[in-house]
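Computation of the quantities below employed the complete heavy-atom set of this structure, encompassing side-chain atoms and omitting hydrogens, waters and symmetry-equivalent molecules.
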Amino acid sequence: MAEVIRMPKMSDTMTEGVIASWLKKEGDKVSSGDILAEVETDKATMELESYDDGTLLYIGPKEGEAVPVDALIAVIGKEGEDISGLLNGGGKAEAKPAEEKKEEQKPAAKQEAAAPSTSADLSSIKASVIRMPKMSDTMTEGVLVSWQKKEGDKVSAGDILAEVETDKATMELEAYEDGTLLYIGVSEGDSVPVDAVIAVIGEKGADYKALLEGGSTGGVPADVEQRSSEENAKSDQNIQSRAEDGMPKAITETTVPGADSAQGGGATEDGGRIKASPLAKKVAQEKGYKLSQIKGTGEGGRIVLRDVESFTPSAAPQAAPAKTAAPATAPTTMPGVPTEEYEEVNVSQMRKVIARRLSESLFTAPHFFLTMSIDMDKAMEARASMNEVSPVKLSFNDLVLKAAAVALRQHPAVNSSWLGDKIRYNKHINIGVAVAVEEGLLVPVIRNADFKSLSAISAEVKDLGGKAKSKKLQPAQMEGSTFSISNLGMFGIEEFTAIINPPNACILAVGGISQVPVVKNGEIKIGNVMKVTLSCDHRVVDGAVGSAFLQTFKNLLENPVRILV
């Protein structure tokens, strides 16, 4: 029997693959282990092996075409075998070995007897299953931050059902049909894999439990009306900010002194612990409020930000009279000595992806580092002169970015990517600019930076930086970089090394400008010096190549007029 070959999922973030080249052609004999094609994923170019012996009867996509994961790309079988049924069905009814077919045929009668009317019952249920959508290219799971609707609520198409925290932003999950929210299967704060069932919407009184039981093996039956991941992902509009300033809504458990625990108003649990959000605790500490005096209005009496902001010390309840005899087991607390306390917060999706990607980069790409000192005297003079006529205020970071773009045009080997068995030399220059946000690091991309003026670069960096900090960046604005820059000079850092941002081959770490003694014309003078460090992937960039790039970059900043030529 013929075997259908589908596009495999070759990495955790892969959604499609590009057929780089076919190593076999239709009519060729193939054996198990033969390489059929080279497939370019989002991380590398990999080989697609055959796991069957036979003849390559059909090739679907051409070289250079992008193919979604699980799509049919080829068919292997006996020479002359009729495969029209497979192709007409799109390969959905994948042919299986004879042994598997026999095993399936044996229990067929039993299966029909066991479930004589399941499909009919499910088709009559007027309800739809809501699944966790894939809201970004790297998303594998999402955290259900908050439900905006509760079970039994009427919902209309376009209503916001919930807020979902992905690895890049907090986004709104919309309803795409009218009905009643019959079922909520995920609690706030829980992490949910992509495509897992999170809710059911339908007619009031519909037997949604049959749907859930039918989908318990990993998927909802084909009879059940449900939306695809692409439809769910339409809710890609980031919310401007959460009431909790973007922090995960994890419960903070804070041990308070015995005297505080005697005061009313706070949401306490057993052991004298108070339930409060991280932001509420932080603001209360800044204002000098005691959490035990604040009454929580959140779920389960949890103290949230609005409780702290509306609290006034004068309204704090008086401490209860001290008991005449304390229990023998009560712990003793020395006056004026704070008790030990700590806070545990769930790792955000953004932080998880940052940890995974940078770990992969550091431990798979052989890094080496090149550091150079740059005289910034002329750059400082040029910036002051340019700002007199520039429509936007230019920063030193703008000069650095433009100089890097011009230098990359002269040294294309640095503007490259490692693809496993190939090196991609990018002819376009898209520079990623690292922006620190509260939950991690985002890298918006300045596209075609070498063709843009300094004022255009400055305006775009400010715009994207603002969107990053307010969580308004779209995934497309963070993709496609060919080189990255991380600047910590504004924090007083003089020199540091950065981890390469894959799939880039290099990243430039920029320190601050310092006044140091320098030798000019045989005399010691005070000069303005900036140190930069280029992190290079040694699989792509050699020391001489990286050094040549830095030398050009240095000359451009020390003679800024060359940047404009």
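- Atom CD of Glu65 has more than 12 neighbouring heavy atoms from other residues, nucleotides or ligands inside a 6.0 Å radius.
- A salt bridge links Lys520 with Asp377: the distance from a Lys NZ or Arg NE/NH1/NH2 to an Asp or Glu carboxylate oxygen falls below 4.0 Å.
- Rounding to the nearest 0.5 angstrom, the gap separating the CD atom in Gln285 from the CG atom in Leu291 is 9.0 Å.
- Atom CG of Asp537 and atom CD1 of Ile507 lie 12.5 Å apart (nearest 0.5 Å).
- At distances below 3.5 Å, not a single donor-acceptor pair connects side-chain atoms of Ser416 with backbone N or O atoms of Pro412.
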Discussion item. Determine whether Lys469 and Val435 satisfy the following criterion, side-chain contact (heavy atoms from CB on, under 4.5 Å), listing intermediate values before the conclusion.
Written reply: CA-CA 8 Å; Lys469 292 179 180 179; Val435 177; 4.1 Å; yes
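- When all heavy atoms of Ser484 and Asn504 are compared, the closest pair comes out as OG-OD1, 2.7 Å.
- Remark: Lys531 does not engage Glu494 in a salt bridge, criterion side-chain N to carboxylate O under 4.0 Å.
- A 4.5 Å side-chain heavy-atom check between Lys62 and Ile19 finds every atom pair outside the cut-off.
- Contact of the Ile431 side chain with the Leu408 side chain is registered, since non-hydrogen atoms from C-beta on lie closer than 4.5 Å.
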Worksheet entry | Stepwise salt bridge (charged side-chain N to carboxylate O under 4.0 Å, His left out) check, Lys378 with Glu558 | CA-CA 6 Å; Lys378 291 184 179 180; Glu558 291 185 346; over 6 Å; no
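- Atom CG of Leu181 is separated from atom CD of Glu151 by 6.5 Å, given to the nearest 0.5 angstrom.
- Between Thr371 and Thr533, the side chains place a donor N or O and an acceptor N or O closer than 3.5 Å (distance only, hydrogens not considered).
- Judged by distance alone, the side chain of Trp147 and the main-chain N or O of Ser187 form no donor-acceptor pair under 3.5 Å.
- Rounded to the nearest 0.5 angstrom, Gln474 CD and Gln477 CD are separated by 6.0 Å.
- Distance check: Lys467 NZ to Leu473 CG gives 7.5 Å after rounding to the nearest 0.5 Å.
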Worksheet item: Where do Ser514 and Val529 land on the side-chain contact (heavy atoms from CB on, under 4.5 Å) test, with the steps shown first?
Response: CA-CA 5 Å; Ser514 303; Val529 174; 5.8 Å; no
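- Between Val392 and Ser455, the shortest heavy-atom contact is CG2-O, 3.4 Å.
- Asp450 has a carboxylate O that lies under 4.0 Å from a charged side-chain N of Arg409, or vice versa, which qualifies the two as a salt bridge.
- A heavy-atom distance below 4.5 Å is found between the side chains of Val433 and Ile446.
- For Ser547 against Leu370, the heavy-atom pair with the smallest separation is N-CD1, 3.5 Å.
- Ser458 contributes a side-chain N or O that, together with a main-chain N or O of Lys393, makes up a donor-acceptor pair within less than 3.5 Å.
- Side chains of Asp398 and Ser395: a donor-acceptor N/O pair is present below 3.5 angstrom, by distance only.
- Taking the salt bridge (charged side-chain N to carboxylate O under 4.0 Å, His left out) definition, one finds that Asp307 meets it with nothing, sequence neighbours left out.
- The side-chain heavy atoms of Lys422 and Glu40, taken from C-beta on, include no pair separated by under 4.5 Å.
- Taking Arg447 as the reference, nothing meets the salt bridge (charged side-chain N to carboxylate O under 4.0 Å, His left out) condition, with sequence neighbours excluded.
- Among all heavy-atom pairs drawn from Ala505 and Ile500, the shortest one is O-CD1, 3.6 Å.
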Worksheet entry | Test side-chain contact (heavy atoms from CB on, under 4.5 Å) applied to Val67 and Glu16, step by step | CA-CA 5 Å; Val67 185; Glu16 64 178 12; 6.0 Å; no
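- Side-chain contact between Ile563 and Val561 is absent, with no heavy-atom pair separated by less than 4.5 Å.
- Using a 3.5 Å distance cut-off with no hydrogens or angles, the side chains of Thr482 and Asn426 do not pair a donor with an acceptor.
- Ile374 CD1 to Met372 CE: the interatomic distance, rounded to the nearest 0.5 Å, is 7.5 Å.
- Residues passing the ring pair (Phe, Tyr, Trp, His ring centres under 6.0 Å) test with Phe483 are Phe549, sequence neighbours excluded.
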Item to complete: Starting from the C-alpha separation in whole Å, work towards a yes-or-no answer on side chain to side chain donor-acceptor pair (under 3.5 Å) for Ser191 and Glu141.
Response: CA-CA 7 Å; Ser191 182; Glu141 63 181 8; 3.0 Å; yes
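- Side-chain atoms of Lys149 never come within 3.5 Å of backbone atoms of Ile160 as a donor-acceptor pair (strictly under, hydrogens ignored).
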Worksheet item: Could you walk me through whether Val445 and Glu479 pass the side-chain contact (heavy atoms from CB on, under 4.5 Å) check?
Response: CA-CA 7 Å; Val445 178; Glu479 298 171 351; over 6 Å; no
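- For Asn528 (side chain) and Met376 (main-chain N/O), no donor-acceptor pair under 3.5 Å exists by modelled atom type.
- The shortest distance between side-chain heavy atoms of Val443 and Asn501 falls below 4.5 Å.
- Within the 3.5 Å criterion, the main-chain N or O of Ala459 finds no donor-acceptor partner in the side chain of Asp463.
- Minimum interatomic distance between Asn555 and Arg562 (heavy atoms only, all atoms of both residues): CB-NH1, 3.9 Å.
- The main-chain N or O of Val186 is never found under 3.5 Å from a side-chain atom of Asp190 such that the two would form a donor-acceptor pair.
- Residues Met530 and Leu557 have side chains in contact (heavy-atom distance under 4.5 Å, counting atoms from C-beta outward).
- Taking each heavy atom of His538 and Phe368 in turn, the nearest pair found is CD2-CD2, 3.4 Å.
- No donor-acceptor pair under 3.5 Å is formed between the side chain of Lys295 and the backbone N or O of Phe311.
- Contact check on Lys154 versus Asp159 returns no salt bridge, with no Lys/Arg side-chain nitrogen under 4.0 Å from an Asp/Glu carboxylate oxygen.
- Within the 3.5 Å criterion, the main-chain N or O of Arg356 finds no donor-acceptor partner in the side chain of Ser359.
- With a 4.5 Å cut-off on side-chain heavy atoms, Leu399 and Met386 count as touching.
- Residues Glu188 and Ser146 have side chains that never bring a donor and an acceptor to within less than 3.5 angstrom of each other.
- Asp153 contributes a side-chain N or O that, together with a main-chain N or O of Lys150, makes up a donor-acceptor pair within less than 3.5 Å.
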